Every structure is written in C-alpha cells, then in structure tokens.
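Below is one structure; the comments refer to it alone.
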Amino acid sequence: MEMAQIELYDITAVELVDSLPLVRRADPHNLHFFDGAFDFAFTAHLDDALFPWKVVEEMERTVRRGRFCVVTVDECGGDDVREIARLFLKSKLVDVANVTLEGSKKTSILLKVQDFKT
C-alpha cells in the first residue's frame with residue numbers, strides 16, 4: 001500500500017539497522033527526537049527489546065498527545081494483551097485485533113497517548 005493512500009506523507013522510521021531511504025539506524029530505548037514529534041509509533045519487536053518498558057516510554061514520549069502507538073506481537077490473548085498495555089503508562093487501550101504480518105499470525109494492539117500530567 002502506498003503511504004499516501006493512508007495519508008502518511010512525512011515518514012521517519014527507526015530500526016536497529018539502516019534500510020535507506022526511509023529507515024535510519026537508532027536505539028529504540030533512546031530515540032533522538034523531540035517530545036511529541038510524531039503522530040504514530042509502531043513496533044513489531046517489543047518482545048525482542050532488552051528493556052521493553054523503555055521502548056514503550058520512548059514511544060509515548062515521541063508521539064503527540066491524542067495520537068497513537070501500535071504494538072504487534074505474536075498472536076496472544078487477553079492476559080498477555082493486558083500485560084503489554086500496562087507497560088503504556090500514558091496511553092489507553094483502544095483496540096486489539098488478530099492480524100497476519102509477513103505471513104505470521106500476530107496480535108495488533110492500538111493505544112492512544114493521553115494528556116496525563118506527570
């Protein structure tokens with residue numbers, strides 16, 4: 001799907017390895033972006049993170065309030081989803097769906113970043 005079809009025009013992606021032109025190498029535990037720089041954050045590698053809570057913290061920090069974080073993990077049920085959602089201290093669970101990603105069954109978790117005062 002073309003990015004313009006889903007109304008994404010200015011895209012910045014980070015990963016542990018470069019995949020130019022869209023993906024730049026960065027540490028997901030310590031993103032070098034301003035607070036609220038993005039409308040959307042996505043990870044399909046939270047379960048691979050050394051410190052998952054830190055990756056979530058960085059996702060929430062760099063996403064504008066009222067916008068979204070999406071986590072995709074191996075297909076799972078309610079208890080696992082709740083455990084992942086609890087990592088998001090500044091977000092509310094919006095939706096959970098079973099999806100297929102690159103031929104694998106996954107669970108997609110959509111969270112909305114809230115305007116909590118800390």
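Only this structure's heavy atoms are used, side chains among them; waters, hydrogens and symmetry mates stay out. None of these values were measured; they are calculated from a predicted model.
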Next on the checklist: Less than 4.5 Å apart, side chain to side chain, heavy atoms only: is that true for T43 and M59?
Outcome noted: yes

Checklist entry - Got V94 and F68 here, is their nearest side-chain heavy-atom distance under 4.5 Å? => result yes

Item to check | R64 side, atom CZ; D35 side, atom CG - distance, nearest 0.5 Å | outcome: 11.5 Å

Checklist entry - Which hydrophobic side chains are connected to V113, either touching it within the sub-4.5 Å cutoff or through other members that do? => result V63

Next on the checklist: So, taking the atom named CD in E58 and the one named CZ in F33, what distance separates them when rounded to the nearest 0.5 Å?
Outcome noted: 10.0 Å

Item to check | Residues, nucleotides or ligands: over 12 heavy atoms within 6.0 Å of F42 CZ | outcome: yes

Checklist outcome for this item: Between E60 and S91, the two heavy atoms sitting closest are OE2-OG, 2.7 Å

Item to check | Audit row: I109, L93, side chain to side chain contact (heavy atoms under 4.5 Å, CB included) steps and yes/no | outcome: CA-CA 8 Å; I109 304 166; L93 182 63; 3.5 Å; yes

Item to check | Verify same cluster id: L31, L50 (apolar side-chain graph, 4.5 Å) | outcome: no

Checklist entry - Does V96 belong to the same Ile/Leu/Val/Met/Phe/Trp/Tyr cluster as L110, with side-chain heavy atoms less than 4.5 Å apart forming each link? => result no

Checklist entry - What distance separates K112 NZ from R65 CZ, expressed to the nearest 0.5 Å? => result 12.5 Å

Enumerate donor-acceptor pairs with a distance under 3.5 Å from any side-chain N or O in residues 70-83 to protein atoms, sequence neighbours excluded.
unit_1 : atom_1 : unit_2 : atom_2 : d
D74    : OD1    : K106   : NZ     : 2.9
D79    : OD1    : R82    : NH2    : 2.7

Item to check | From L46 atom CG to I84 atom CD1, the distance as rounded to the nearest 0.5 Å | outcome: 6.5 Å

Item to check | Point-to-point distance, once rounded to the nearest 0.5 Å, from CG of L89 to CH2 of W53 | outcome: 10.5 Å

Checklist entry - Would R67 and F38 satisfy side chain to side chain contact (heavy atoms under 4.5 Å, CB included), going step by step from the backbone distance to the final call? => result CA-CA 8 Å; R67 300 305 186 155; F38 303 110; over 6 Å; no

Item to check | Point-to-point distance, once rounded to the nearest 0.5 Å, from NE2 of H29 to CD of E57 | outcome: 11.0 Å

